[in-house]
Amino acid sequence: MIRHRLLAIDWWLLTPVIILVSISLAVLFSLNVEFFKSQLLALISSIIIFLFISQMDITMFKPYAKIIYFTSLIFLTIVLIIGIESHGAVRWIDIFGIRLQFSEICKPFLILSLASFLSERSNMSVKSLIISICFLVPIVLLLFLLPDLGNAVIYVCVALTTLLVFGFPVLWFLFAT
């Protein structure tokens, strides 16, 4: 069963990632062997996490979508309060010598929470659209306060794409601008 699911991975999507990572590692190896080693270790752990998560049934997270959403908000607020400032922005938290950027970690959780909310909706009403946008506002506001405009834009684009894929009419978004 697991072997069949491993073969179900979208290799056309994964191949460019493998090529880019290989080129990046080759460049790092020629520049600094220590950076190469740390990135290779990060790559190996990322592959293990990817394989683990790709085999999971994502529907098991649906009952926890609200908890995941509010936990993401709490983590972003903690970064705002006790985060480490670097180059004028507070985006990282230092945990046991490892710097974590929770705005990056929370991206899949936003998708999961928004998808869970939308899956409970049977129609594409204006009310559902407004609630979905209100769902995004606290996260984007916290990202602006960090300031992390790049991630804020990514969150908005991912949310809008999710709403469009869900089936909300494009004209609704055009009238909002």
Side-chain angles (χ1 to χ4, degrees), residues 1-2 5-6 8-10 13-14 17 21 41-86 89-168 172-173 176:
M1 179 77 156
I2 291 177
R5 290 179 77 184
L6 281 175
I9 293 173
D10 188 356
L13 183 64
L14 198 57
V17 172
V21 166
L41 181 63
L43 173 66
I44 292 168
S45 61
S46 298
I47 290 171
I48 292 169
I49 292 169
F50 166 75
L51 291 174
F52 177 73
I53 291 175
S54 68
Q55 302 307 307
M56 295 174 72
D57 182 14
I58 199 78
T59 58
M60 70 184 226
F61 292 108
K62 188 174 180 180
Y64 308 107
K66 289 178 184 175
I67 294 169
I68 291 170
Y69 174 74
F70 288 112
T71 303
S72 297
L73 287 177
I74 290 168
F75 280 140
L76 290 174
T77 304
I78 289 171
V79 170
L80 186 63
I81 295 169
I82 64 167
I84 297 169
E85 183 177 345
S86 178
V90 181
R91 297 180 190 155
W92 299 270
I93 289 185
D94 206 5
I95 300 176
F96 302 115
I98 299 173
R99 282 198 174 175
L100 296 176
Q101 188 175 2
F102 282 116
S103 59
E104 292 293 337
I105 296 170
C106 292
K107 282 179 187 173
F109 299 134
L110 168 71
I111 298 167
L112 182 71
S113 301
L114 184 59
S116 175
F117 168 76
L118 291 173
S119 71
E120 296 171 357
R121 303 290 175 258
S122 59
N123 61 355
M124 290 164 278
S125 66
V126 175
K127 179 183 176 184
S128 292
L129 179 64
I130 291 170
I131 293 171
S132 299
I133 292 171
C134 290
F135 176 85
L136 180 65
V137 168
I139 293 174
V140 173
L141 181 64
L142 284 168
L143 289 172
F144 272 123
L145 292 174
L146 289 177
D148 193 356
L149 179 63
N151 273 321
V153 169
I154 290 171
Y155 273 75
V156 169
C157 289
V158 166
L160 290 178
T161 303
T162 303
L163 294 172
L164 287 171
V165 168
F166 179 70
F168 285 107
W172 290 7
F173 296 99

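These figures come from a predicted structure and were not determined experimentally.
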Nearest non-hydrogen partners of Lys107 and Tyr155, listed with the distance: N-OH, 3.2 Å

Pair listing, salt bridge (Lys or Arg N to Asp or Glu O under 4.0 Å) test, anchored in residues 63-73, at least two apart: none

Nearest non-hydrogen partners of Leu146 and Leu76, listed with the distance: CD2-O, 4.3 Å

Contacts of type side chain to side chain donor-acceptor pair (under 3.5 Å), residue Ser45, not counting sequence neighbours: none

Shortest non-hydrogen contact between Phe109 and Ser72, atoms and distance: CB-OG, 3.6 Å

Side-chain donor/acceptor of Ser116 to backbone N/O of Ser113, under 3.5 Å: no

side-chain hydrogen bond (donor to acceptor under 3.5 Å, both in side chains): pairs with one or both residues in residues 126-143, sequence neighbours excluded: Ser125-Ser128

Reported CZ-to-CD1 distance for the pair Phe75 and Ile105, which is rounded to 0.5 angstrom: 8.0 Å

Shortest non-hydrogen separation from Val140 to Val156 and the atoms involved: CG2-CG2, 3.7 Å

Thr77 vs Ile74 side-chain heavy atoms within contact, under 4.5 Å: no

Ring pair (Phe, Tyr, Trp, His ring centres under 6.0 Å) partners of residues 125-153, not counting sequence neighbours, each pair once: Tyr69-Phe135

Enumerate, atom names and distances included, each donor-acceptor pair closer than 3.5 Å involving a side-chain atom of residues 159-166, sequence neighbours excluded.
residue, atom, partner, partner atom, Å
Thr161, OG1, Cys157, O, 2.7
Thr162, OG1, Val158, O, 2.8

Where Ile93 and Gly83 come nearest, the two heavy atoms and their spacing: CG1-CA, 4.3 Å

Intermediate values then yes/no, side-chain contact (heavy atoms from CB on, under 4.5 Å), Phe50 and Leu14: CA-CA 11 Å; Phe50 166 75; Leu14 198 57; 4.2 Å; yes

Worked verdict on Leu110 versus Leu136 for side-chain contact (heavy atoms from CB on, under 4.5 Å): CA-CA 8 Å; Leu110 168 71; Leu136 180 65; 4.1 Å; yes

CG on Leu142 to CD1 on Ile78, rounded to 0.5 Å: 11.0 Å

Gap separating the CG atom of Leu149 from the CD1 atom of Ile154, nearest 0.5 angstrom: 10.0 Å

Pairs where residues 137-158 contributes a residue and the test salt bridge (Lys or Arg N to Asp or Glu O under 4.0 Å) is met, not counting sequence neighbours: Arg91-Asp148

